[in-house]
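Beneath this line is the structure, given in structure tokens, with notes to follow.
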Amino acid sequence: MLAMNYRGPRRVRIDNKPEPEILHPEDAVVRVTRACICGSDLHLYNGSVPDTRVGSTFGHEVTGIVEEVGPEVTKIKAGDQILVPFNIACGKCVFCQQELYGNCHESNPEATAVGGIFGYSHTAGGYDGGQAEYVRVPYANVGPMVIPDGIDHDTAVLLTDVVPTGYQAAEMGGIQKGDTVVVFGAGPIGIMAARCAWLFGAGRVIVIDHLEYRLDFARDYAPCEAYSYKELDDVVVFLKKTTDWMGADVCIDAVGAEATGHPMQTLLGKKLHAVGGAATALHWAINSVKKGGIVSIVGVYGPIDALVPIGNVVNKGLTIRGNQASVKRLLPRLIEHVQNGVIDPKPLITHRIPLEEVADAYRMFSAKLDDCIKPVLIPPAAWN
Amino acid sequence: MIENTAIAEFGNTSIDPSSVKGWAVDADPDNDPTYPIKDRNNGEHAGYSWKRPEQQDVDVEVLHSNERPNVSAAFGTTLPPSGLSGMIRRKAFNYSEDTYSHWLPLIVADRVDMVAGVFQDLARGHIPNIFSEMGMKAEWKYNRKALVTKVAIGAVLAGIAVAYLRRDKD
């Protein structure tokens with residue numbers, strides 16, 4: 001089968017690999033119809049995630065058609081069109097039982113700090129991802145969901161990560177009616193977090209980034225105020241000033257390790273990989289939120305230390321919340337929102353690209369070429 | 001229910017929240033920000049007490065964190081550790097996720113793996129097309145001016161370096 005093949009930092013190609021097999025009674029094999037490239041894939045692409053082995057196939061945002069199921073799979077069957085949450089979750093461990101599906105304890109032998117994730121290095125379980133023609137889906141009774149009537153694959157694939165992660169970013173902010181919410185990062189997740197902040201009753205939503213085309217998109221889509229930090233002398237002072245010198249009620253870090261905007265963070269976190277990523281957005285979030293405020297983190301960082309002003313967290317009395325989105329927990333509500341027209345994620349997709357052109361797709365997304373916001377890879381058999 | 005008084009009540013905003021579709025439909029005054037979002041059942045207090053899923057056959061080498069007692073019931077079987085990078089990875093897994101001794105060798109192993117990958121390609125008679133793998137076609141299509149500028153600057157700098165080295169020799 002055709003599959004994306006990682007060859008080292010900023011080098012990927014399309015290759016032929018063996019088709020996946022049923023390895024566990026609860027496995028399914030799925031023929032992929034859509035596989036997005038996620039902003040967090042760029043951490044892998046840039047070589048920032050430890051134990052990313054050459055030959056890996058990335059891709060954790062997937063829809064497809066069930067080809068084959070293991071003997072214990074009862075919830076889906078061959079021929080079903082499904083969406084596959086990015087978390088691999090057993091449904092039985094104490095964490096899954098508490099709906100922490102992003103923190104499953106039976107899907108990742110290599111690390112305890114994160115559950116299994118499709119195509120996200122051996123640090124997240126060593127599973128191949130869905131940027132391929134076929135993908136193995138473990139615990140197929142738990143995560144995958146038959147795509148509801150009226151939802152197409154383009155929309156469904158955004159329900160596997162972008163929409164739930166953006167929604168949970170807002171949810172973790174504990175937003176109360178009238179709160180001012182600042183979202184750092186105008187990528188797909190940040191834009192969706194800004195959109196969802198309104199659903200929790202935000203009174204004002206501000207997005208910070210530096211790419212004008214994304215800021216324009218956020219202003220129109222979320223809708224929200226959106227500012228380029230490059231146009232501001234000091235982003236923290238600006239945010240303090242615009243909130244009557246109080247600071248925002250809630251700040252959301254939707255950037256993670258690949259942030260720009262601070263030379264030292266960039267040097268240590270992105271160039272030297274000496275810390276767990278460039279924590280510029282998180283730094284700004286902590287310093288821009290009000291005393292007693294909440295910082296919600298969905299940006300992905302490496303497992304080693306990141307440079308953040310932890311003293312200010314203590315002195316300001318902040319609450320910090322973060323997690324990988326619990327997709328399965330959120331899907332029923334989010335599908336309701338999509339079906340009712342409250343959330344329409346499809347406009348986020350700016351590029352539909354043949355799987356065979358995966359190297360160019362990564363380059364385009366990584367370098368923000370052609371005003372790219374969200375690229376979706378489509379295997380040859382799924383073009384229609 | 002959408003409140004029409006939103007803008008007057010909250011002020012200091014250019015967008016009237018009540019005009020945003022779905023405003024406050026999920027507002028939850030009980031969302032306590034000091035508590036993780038979960039359906040708490042205190043299951044952790046009983047330790048490894050759940051009925052585990054069936055164990056996937058461990059028929060490839062799987063390195064597991066020393067912060068857990070076992071291999072998870074399901075796991076990925078792609079790319080078992082091998083070669084020099086595999087040796088480094090095995091050493092790394094002697095240390096916990098809390099230590100640099102775990103993570104830094106894994107990054108080193110990844111770079112060793114990258115070099116080994118080139119040799120593996122060559123051994124299979126495949127010469128890797130680095131430019132294609134780096135997506136230069138997209139760069140050429142959408143960012144040609146910057147690409148040409150970068151290449152030109154690189155060529156000039158290389159030329160200066162070569163000239164300087166030759167002058168030293170003379």
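Here is how names work: the chains are called A, B, and so on, in the same order as the sequence lines, proteins then strands, and each is numbered from 1.
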Taking side chain as C-beta onward, heavy atoms only, is B:Y100 less than 4.5 Å from A:I304?
-> yes
Ring centres under 6.0 angstrom apart (B:Y48, A:H105) | yes
Heavy-atom pairs under 4.5 Å with chain B, option from A:C90, A:G302, A:G341 with the top count | A:G341
NZ/NE/NH1/NH2 to OD/OE distance under 4.0 Å, B:D121 and A:R7 = yes
Separation between CG (B:L63) and CG (A:D51), nearest 0.5 Å, reads 7.5 Å
Donor-acceptor contact below 3.5 Å, side chain B:S72 vs main chain A:N108 = yes
Hey, is the main chain of A:F200 close enough, under 3.5 Å, to the side chain of B:W23 for a donor-acceptor pair?
-> no
Between chain B and each of A:R10, A:M364, A:R136, count heavy-atom pairs under 4.5 Å; write down the option with the most.
-> A:R136
What part of A:V49 gets closer than 4.5 Å to chain B, counting heavy atoms only: side chain, backbone, both or neither?
-> backbone
Is there side-chain contact between A:W198 and B:K21, with heavy atoms separated by less than 4.5 Å?
-> no
Residues B:D113, A:R53; criterion salt bridge (Lys or Arg N to Asp or Glu O under 4.0 Å); working and verdict | CA-CA 7 Å; B:D113 211 8; A:R53 300 179 190 175; over 6 Å; no
How far does OH of B:Y142 sit from CG of A:D371, to the nearest 0.5 angstrom?
-> 11.0 Å
Max heavy-atom pair count under 4.5 Å with chain A, selected residue of B:T99, B:D57, B:I130 | B:I130
Rounded to the nearest 0.5 Å, what separation is found between the CD atom of B:E54 and the NZ atom of A:K92?
-> 9.5 Å
The interface call for B:A109 against chain A, heavy-atom contacts under 4.5 Å, is neither
Between A:Y127 (side chain) and B:T78 (backbone), is there a donor-acceptor pair under 3.5 Å?
-> no
Checked B:E133, B:K51, B:M134, B:H102 vs chain A; the most non-hydrogen pairs under 4.5 Å come from B:E133
Measure across B:V20 and A:A222 and return the closest heavy-atom pair with its distance rounded to 0.1 Å.
-> CG1-O, 4.4 Å
Do you know which of B:V25, B:V108, B:V62, B:I107 has the most heavy-atom pairs with chain A at a distance under 4.5 angstrom?
-> B:V25
Most contacts with chain B, counted as non-hydrogen pairs under 4.5 angstrom, among A:R333, A:E72, A:H273 = A:R333
Most contact-rich option vs chain B, by heavy-atom pairs under 4.5 angstrom, among A:I88, A:N5, A:D305, is A:D305
Most heavy-atom pairs under 4.5 Å with chain A, out of B:A46, B:P81, B:A116, belong to B:P81
Using a cut-off of under 4.5 Å on heavy-atom pairs, state which of B:S132, B:P53, B:G43 scores highest against chain A.
-> B:P53
Rounding to 0.5 Å, atoms CG (A:D370) and CG (B:N143) come to a distance of 10.5 Å
Around atom CD of A:E21, are there more than 12 heavy atoms of other residues, nucleotides or ligands at under 6.0 Å?
-> no
Looking at side-chain heavy atoms only, is the closest gap between B:P128 and A:R13 below 4.5 Å?
-> yes
Any idea which heavy atoms bring A:K177 and B:A27 closest together, and the distance?
-> CE-CB, 4.1 Å
Should A:R11 and B:V118 count as side-chain neighbours, where that means a heavy-atom distance under 4.5 Å?
-> yes
Residue from B:H64, B:E97, B:R68 passing side-chain hydrogen bond (donor to acceptor under 3.5 Å, both in side chains) with A:T112 | B:E97
Using non-hydrogen atoms and a 4.5 Å limit, figure out which bit of A:F118 sits close to chain B: side chain, backbone, both or neither.
-> neither
Region of B:T77 that comes under 4.5 Å of a non-hydrogen atom in chain A = both
Measure from the side-chain N and O atoms of B:D110 to the backbone N and O of A:T52, and report whether any donor-acceptor pair falls under 3.5 Å.
-> yes
Any chance you could measure B:Q56, atom CD, to A:E26, atom CD, to the nearest 0.5 Å?
-> 11.0 Å
With a 4.5 angstrom heavy-atom cut-off, could you sort out which part of A:P9 is near chain B: side chain, backbone, both or neither?
-> both
Going by atom types alone, do A:H337 and B:D26 pair a side-chain donor with an acceptor below 3.5 Å?
-> yes
Is it the side chain or the backbone of A:A367 that comes within 4.5 Å of chain B heavy atoms, both, or neither?
-> side chain
Contact summary for A:V54 and B:G117, nearest pair of heavy atoms | CG1-CA, 4.3 Å
Do you know which of A:A111, A:P138, A:C104 has the most heavy-atom pairs under 4.5 Å to chain B?
-> A:A111
Measure the CZ-CD distance between B:F75 and A:E110 for me, rounded to the nearest 0.5 Å.
-> 9.0 Å
Hey, is OH on A:Y221 packed in by over 12 heavy atoms from elsewhere, all under 6.0 Å?
-> yes
Please determine, among A:G126, A:P25, A:S56, A:G91, the option with the most heavy-atom pairs under 4.5 Å with chain B.
-> A:G126
Within 6.0 Å of CG in A:L272, more than 12 heavy atoms from elsewhere | yes
